[in-house]
Structures are given as structure tokens and as C-alpha cells.
Amino acid sequence: MNRFRALPLCVSFGLISSVVTVDSARANLVINGGFELGAPLGGSPAGHGDLPSPWTSSAPLNFLISYDTWENTGTTGIPPNTAALYTGVVAPEGVRWAGGFDFEEMGQLLQSPLTPGQEYTFSAFVRSSHGREGSFEIWLGTSVNTYTTQVAILPPNTGFVDGWELQTAIFIAPANVASTPWLTFKSYQSDPEFGNGTYMGIDDVRLVATPEPATIVLWSLAFVGITGIVRFARCKR
């Protein structure tokens with residue numbers, strides 16, 4: 001009887017170990033991916049041409065060529081109704097998001113270098129404005145303004161214009177990642193009716209090594225399940 005009672009405890013330890021492994025695999029290589037940390041922001045209004053650290057843009061505080069930080073109420077970022085770009089819009093997660101034109105860049109120096117040949121998944125919520133279709137290109141380089149290697153491109157939000165859409169892209173880290181430690185991305189327009197001037201919003205930016213954590217969870221649970229069945233069978237003998 002005592003051996004039978006010990007079974008759930010053994011399985012629990014296995015599950016705890018699996019959860020720790022999966023949580024580690026989920027580590028986001030992007031810092032402040034939701035733009036929620038850091039206040040107050042520069043610019044007038046707050047967030048105009050400015051991004052929270054460690055994000056930076058083309059020329060910080062130059063609102064003509066730099067990304068902006070938006071905020072649901074306009075308290076710690078640009079009010080959504082400014083220039084009628086995001087009237088009535090709220091962040092998909094938290095209260096802030098970033099936005100910029102297709103002639104601007106935004107990025108950060110990655111805290112952990114990528115591994116050559118490793119597969120990575122980039123994901124983010126994206127949103128257009130004024131009904132203009134587009135999304136983002138993802139680059140690696142030596143600074144936010146010096147990007148040399150395009151590693152992925154998010155698909156255009158053609159079916160979800162002017163609404164938040166979760167976009168993902170998978171890429172293999174190139175051999176030169178040690179010399180290109182900056183992650184930079186810029187928006188693009190995909191509608192031929194418009195020239196330069198597409199303004200795109202982005203939030204909840206994530207960059208994680210794959211395989212996807214969900215796959216690891218399934219394998220871990222399968223292993224725990226098989227182990228539990230074997231131990232259960234032994235206890236029944």
C-alpha cells in the first residue's frame with residue numbers, strides 16, 4: 001500500500017522537473033519586449049520619437065525619423081488619438097506599444113548572442129494604420145542603423161488591416177551572428193497603391209530558440225506518463 005501511495009509523489013517530481021526545463025526553453029532573448037518598462041519617456045508628448053531602454057531607434061528624440069511609444073491613456077506614451085493614427089486602440093498586452101514609419105528603424109543590442117545554425121522563432125503583435133497593409137522585416141547588424149543580414153520577414157496583415165494580429169517567423173541564425181549582435185526591424189508596406197509612409201505598430205516582441213516549448217511539454221508529459229504507467233504496474237504486482 002505504501003508503495004502505491006508513493007506513485008503520485010514520484011510523478012509530481014517528474015512534472016516539476018519538466019516544467020523547469022520548459023520554462024528555461026521559453027527564455028525571451030528580447031528585453032522589454034512589451035515596452036512596458038521605463039518611465040518617464042522623452043519627447044512631446046511623452047514617447048514621441050522615444051523608446052524605453054534597451055530599445056533605441058534611428059535618432060532618439062528626433063520624431064521625424066524615430067519610432068514612437070504609444071500608451072492606452074497617453075500617460076506614459078503618445079495618446080492613441082494623436083494624428084488619428086490609433087484612435088480607440090489599446091495595446092494587445094499591457095498599456096504600451098511602439099510604432100514607426102517604413103523609413104525608420106528600431107532595435108536593441110541582444111543581451112545573449114545567437115548561436116550559428118540554431119533555429120529561432122520571432123513573434124510579435126502587429127497593427128497597421130489608415131488601412132495600409134504591411135508588417136516588419138527582421139535584420140541583424142552592428143547597430144540599429146547598420147543592419148546587414150535579413151533573417152526573416154513577417155507576412156503582411158492583409159486579412160486583418162487596422163487590427164492587432166500575432167505574426168511569427170522562423171529562421172536559422174547565420175554564421176556571422178557573433179559580429180552582428182543587434183536585432184533591428186523596420187516596417188514595410190505591401191499595398192502597391194501606397195508609396196512610402198506606411199505606419200505600423202508592434203507589441204509583445206519575442207525571440208526564442210526552437211523547438212517550440214509546446215513540443216517539449218508534450219515529450220516531457222509523454223515521458224512522465226509512460227514512467228507513471230510502468231511504476232503503477234510494478235505497484236500492482
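For the numbers below, each heavy atom of this structure counts, side chains included, while hydrogens, waters and symmetry mates do not. The shown structure was predicted, so the numbers you read here are calculated from the model rather than taken from an experiment. Counting begins at 1 with the first residue of the sequence.
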Subject >> Pair F171-L114, side-chain contact (heavy atoms from CB on, under 4.5 Å): steps then yes or no >> reply: CA-CA 11 Å; F171 66 91; L114 302 184; 4.2 Å; yes
Original post:
Which of these passes side chain to side chain contact (heavy atoms under 4.5 Å, CB included) with W182: L140, L110, V144?
Top reply: V144
[atom1]/[X] to [atom2]/[Y] distance, rounded to the nearest 0.5 angstrom?
{"X": "Y199", "Y": "S128", "atom1": "OH", "atom2": "OG", "answer": "12.5 Å"}
{"X": "F35", "Y": "D203", "atom1": "CZ", "atom2": "CG", "answer": "6.5 Å"}
{"X": "I202", "Y": "R127", "atom1": "CD1", "atom2": "CZ", "answer": "14.0 Å"}
{"X": "L166", "Y": "D204", "atom1": "CG", "atom2": "CG", "answer": "8.0 Å"}
{"X": "L207", "Y": "T121", "atom1": "CG", "atom2": "OG1", "answer": "8.5 Å"}
{"X": "S190", "Y": "L154", "atom1": "OG", "atom2": "CG", "answer": "11.5 Å"}

Closest non-hydrogen atom pair between [X] and [Y], with its separation:
{"X": "V126", "Y": "M200", "value": "CB-CE, 4.4 Å"}
{"X": "Y120", "Y": "A173", "value": "CE1-CB, 3.7 Å"}
{"X": "S179", "Y": "T142", "value": "O-CG2, 3.4 Å"}
{"X": "S66", "Y": "G49", "value": "CB-O, 3.8 Å"}
{"X": "S123", "Y": "T168", "value": "CB-CG2, 3.5 Å"}
{"X": "L61", "Y": "G43", "value": "CD2-N, 3.5 Å"}

Check whether any side-chain N or O of [X] sits under 3.5 Å from a backbone N or O of [Y] as a donor-acceptor pair, and report yes or no.
{"X": "S143", "Y": "N145", "result": "yes"}
{"X": "Y67", "Y": "G107", "result": "no"}
{"X": "N28", "Y": "G33", "result": "no"}
{"X": "T180", "Y": "N176", "result": "yes"}

Are [X] and [Y] close enough that some pair of their side-chain heavy atoms sits under 4.5 Å apart?
{"X": "W97", "Y": "N72", "answer": "yes"}
{"X": "I31", "Y": "P54", "answer": "yes"}
{"X": "L41", "Y": "R96", "answer": "yes"}
{"X": "P116", "Y": "V177", "answer": "yes"}

Side-chain donor/acceptor pairs under 3.5 Å, residues 80-90, sequence neighbours excluded:
residue	atom	partner	partner atom	Å
T82	OG1	P79	O	2.9
Y86	OH	G201	N	3.0

Original post:
Does the pair E104 and L64 meet the rule for a side-chain contact (heavy atoms from CB on, under 4.5 Å), with working shown?
Top reply: CA-CA 9 Å; E104 300 171 337; L64 295 177; over 6 Å; no
Between [X] and [Y], is there shared hydrophobic-cluster membership here, with clusters defined by ILVMFWY side-chain heavy atoms closer than 4.5 Å?
{"X": "Y147", "Y": "V30", "answer": "no"}
{"X": "V151", "Y": "L29", "answer": "yes"}
{"X": "M106", "Y": "L183", "answer": "yes"}
{"X": "L51", "Y": "F136", "answer": "yes"}

Original post:
Applying side chain to side chain donor-acceptor pair (under 3.5 Å), which residue pairs with at least one partner in residues 33-55 are found, sequence neighbours left out?
Top reply: none
Original post:
Should E71 and T73 be marked as a side-chain hydrogen bond (donor to acceptor under 3.5 Å, both in side chains) after you check the CA-CA gap, both sets of side-chain angles, and the distance that decides it?
Top reply: CA-CA 6 Å; E71 197 263 338; T73 65; 2.9 Å; yes
Side chains of [Y] and [X]: any donor to acceptor distance under 3.5 Å?
{"X": "Q189", "Y": "S187", "result": "no"}
{"X": "E105", "Y": "T184", "result": "no"}
{"X": "E119", "Y": "T210", "result": "yes"}

**OP:** Fit a plane to each ring of F122 and F185, take the angle between them on a 0 to 90° scale, and name the class: parallel (under 30°), tilted (30 to 60°) or perpendicular (over 60°).
**Re:** perpendicular
**OP:** Take F101 and I65, measure what side-chain contact (heavy atoms from CB on, under 4.5 Å) needs, and give me the verdict at the end.
**Re:** CA-CA 8 Å; F101 284 104; I65 57 173; over 6 Å; no
**OP:** Go through the steps for I138 and Q150 under the test side-chain contact (heavy atoms from CB on, under 4.5 Å), then give the verdict.
**Re:** CA-CA 6 Å; I138 297 90; Q150 185 180 37; over 6 Å; no
